[in-house]
Amino acid sequence: MTALTWTEAAPGVWRATIGNSQALTPLSLIGAEPKLEALGQMAKAAPPFEWEEVRIEESASGRRTLALPLAANEKLYGTGLQFMRMNQRGRTRYLRVNSDPKQDTGETHAPVPFYVSDRGYGVLIDTARAVTMHLGSAVRLDAMSKEDAKDRNRDASWRATLPSSRAEIRLPEEGADIYVFCGPALRDAVSRYNLFCGGGALPPKWGLGFWHRVPTLFSEKEALAEAMEFRRRDYPCDVIGLEPGWHSRSYPVTYEWDEERFPAPERFVRELADNGFRVNLWEHPYVSPESELYRALKPLSGDYAVWGGLAPDYALPEARELYAQQHKEKHVAIGVSGYKLDECDGSELTNNSWMFPEHASFPSGLDGEQMRQLYGLMFQKMTSDLYRADNQRTYGLVRASNAAASSLPYVLYSDLYDHKQFIRALCNSSFSGLLWSPEVRRARSAEDWVRRMQTVCFSPLAMLNAWGDGTKPWSFPEVEPIIRRYIKLRMRLQPYLYTAFASYREKGIPPFQAMPFVVTPEEINRAEEQRMEAEKLNTTDGAYGKRTIPQWDDQYMIGDSLLVAPLVEGESEREVLLPSGSWIGFETGEQYKGGGVIRVRAELATIPIFVRDGAVIPMMASLPHALRPGEQAPLEFVHFGSEAGSCLLYDDDGVSLDHEKGACGWWKADVTKTEDGGFQGALSGETELPDSYSGVMWRFATMGLGLHDE
Ligand code: GAL
């Protein structure tokens, strides 16, 4: 057993080094400055255990394990983009990057060796290695008594996983820095993590509009025609995404425009821009022998090919420079707004195995394991730096990530397609400084289509990815009005969404939050019991000791005031855990008492959304695309219910990084009661009105927006 020396790396963030600190880790790669001022303003807190209880233990072979105490009912969340469960307590997590997270092992596109506890602290291992975390799943022999070994043949209380009072983390051989993030609550521990990683990402305004990816072999003419179809049919859209067909060759790729399909890329991008569209380009890391970059990158690449192409070593500045120069000239300079960074995760599916092996060697000295764990981060960093150099913001998609990603303007996605898993991933990403898009691709029925579209409109990136299916928002004519209404509702919520992201950036508070951010552990436990009872779940399969405990992993908050509880195909009602207080159906106006579980019905035309009584939601008219610099729209504060209330509103130019130098502002809208029992509103801030808005309207005591309110 080795003693650990803890130092306070930032307010409420404690670090200990085990073995040797490594030069290249997620934190060092991203290199974001911790937001010390915001961290310093948080309440002081200590972890709920004694520092002496955190131990390093060595196995006979010399391999080190970090052990932390766990309380009996403690729940653990996080470990990255997990699809299969929310509470990770009792599970072993193999945190290795992989594009096919079909089993509940911990492997996923974005495994993050960071977990948070409902007792209000978080633990991070900052390493380029794949980490194994036993989150209360490893039981030491000396902690057992004879009675713990039960007879499965006769005893229904037999369990597959015996309770363990420790989290045990197998540390990388060479060593690592470990961090403890203090609370006091779970929400504070996550905010501290995000602030320590530089604060959350603030997308450009257009990033929060609607995105559409066109079929892979579309030409510029077809892509333009499809974009204009959005305008003709009155569907808002901000971003057109191009898929592999824009490259002259793909799998491996060239990063060069295909001259047949895209004879005039500059004109194409300009024409889209003139009509209020941005262009996002799909790419992946593996460089084709036909690419102009190939020859220069070859000596700077790993010793294994992927699809016959190079896997460049972007730990090397020369390699980064080649990539950046080419991307700058061919894409950024002609107005391309960002990228979809695909395939940087690798796969081991049967019949579909592709990736350099763990034992691959890269010229910088990294091996294949480290490169695969870091590849997604490297591309996010290189591309966001490209835009940074041009004082522009970007917002894009990525299929692999890791720790320290909070400040990166990228949203994860997957080839998986289970709607419930997609909602769970949205919840889970909030614990780990990640953003996730439950993208829509196709549907089995109009009902499936509507339910998926409703979910995606209330997510960090609302996208139809029609690369392979050629679907459009109007693909199911019988439900067109519903789809249009929700895309428009997202547009109307832009001021609210944008402000939620600004809090992510400045205070580290995730814009989308799973329920443990806003309800206490006791409330969650009570609600779980209520739900088991309500759904009459058979929670114990005596013969095998499998227990299914329902989790609140199918509903989430957007900002402080909106709670979204999606339905999936086949459902028209569901249970919802409402935090304490009074709530109102955002569209329906129905009233609910919070502090427990309610049951709601929702016709296909609606997704259950709840708003706090007294909430003030900043909204605007639904425009065909987000506000561009210099453009203005009227702002509307919609106040709900019968209580007085207030909200914050953030604004800046929406596209540049000038806000980092102070070119931004916060306003506060207060709704107070008047003597005659009515309401009045007042907006205060440095200026009378944010630049983006031409005037203010107030709507008081709203009991639901209604279904025809546009
Ligand atoms: C997949 C990706 C899809 C699509 C496709 C194009 O790997 O997840 O969204 O981009 O590649 O080949």
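When a ligand or atom number is given, it counts from 1 through the structure's own listing order.
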Strictly below 4.0 Å, N to O, side chains only: are [X] and [Y] in salt-bridge contact?
{"X": "Lys102", "Y": "Glu107", "answer": "no"}
{"X": "Glu569", "Y": "Lys420", "answer": "no"}
{"X": "Arg424", "Y": "Asp554", "answer": "no"}
{"X": "Glu229", "Y": "Arg231", "answer": "no"}

Fill in: Structural part of Thr216 in contact with ligand 1, heavy atom criterion under 4.0 angstrom
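Answer for Thr216: neither.
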Practice prompt. Considering heavy atoms of the protein only, find what lies nearest to atom 12 (O) of ligand 1 and give residue, atom and distance to 0.1 Å.
Written response: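 Its nearest protein heavy-atom neighbour is Tyr251 OH, 2.8 Å.
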Worksheet item: To which protein heavy atom is atom 7 (O) of ligand 1 closest, and what is the distance rounded to 0.1 Å?
Response: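 Answer for atom 7 (O) of ligand 1: Arg399 NH1, 2.7 Å.
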Fill in: Selection from His284, Lys340, Glu243, Arg441 by shortest heavy-atom distance to atom 9 (O) of ligand 1
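Residue with the shortest heavy-atom distance to the ligand atom: Lys340.
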Worksheet item: Does Glu343 reach ligand 1 with a nitrogen or oxygen that is under 3.5 Å from one of the ligand's nitrogen or oxygen atoms?
Response: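 Such a contact does occur with ligand 1.
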Discussion item. Between Thr383 and Tyr323, do the side chains contain a donor N or O and an acceptor N or O under 3.5 Å apart?
Written reply: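 Not at all, the side chains of Tyr323 and Thr383 share no donor-acceptor pair under 3.5 Å.
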Discussion item. Contact between ligand 1 and Asp342 is defined here as a heavy atom of the residue under 4.0 Å from a ligand atom; is it met?
Written reply: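 Per 4.0 Å heavy-atom rule, Asp342 contacts ligand 1.
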Worksheet item: Should you measure from each heavy atom of Pro244, which atoms of ligand 1 turn up under 4.0 Å away?
Response: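 Those qualifying, in numeric order: 6 (C), 12 (O).
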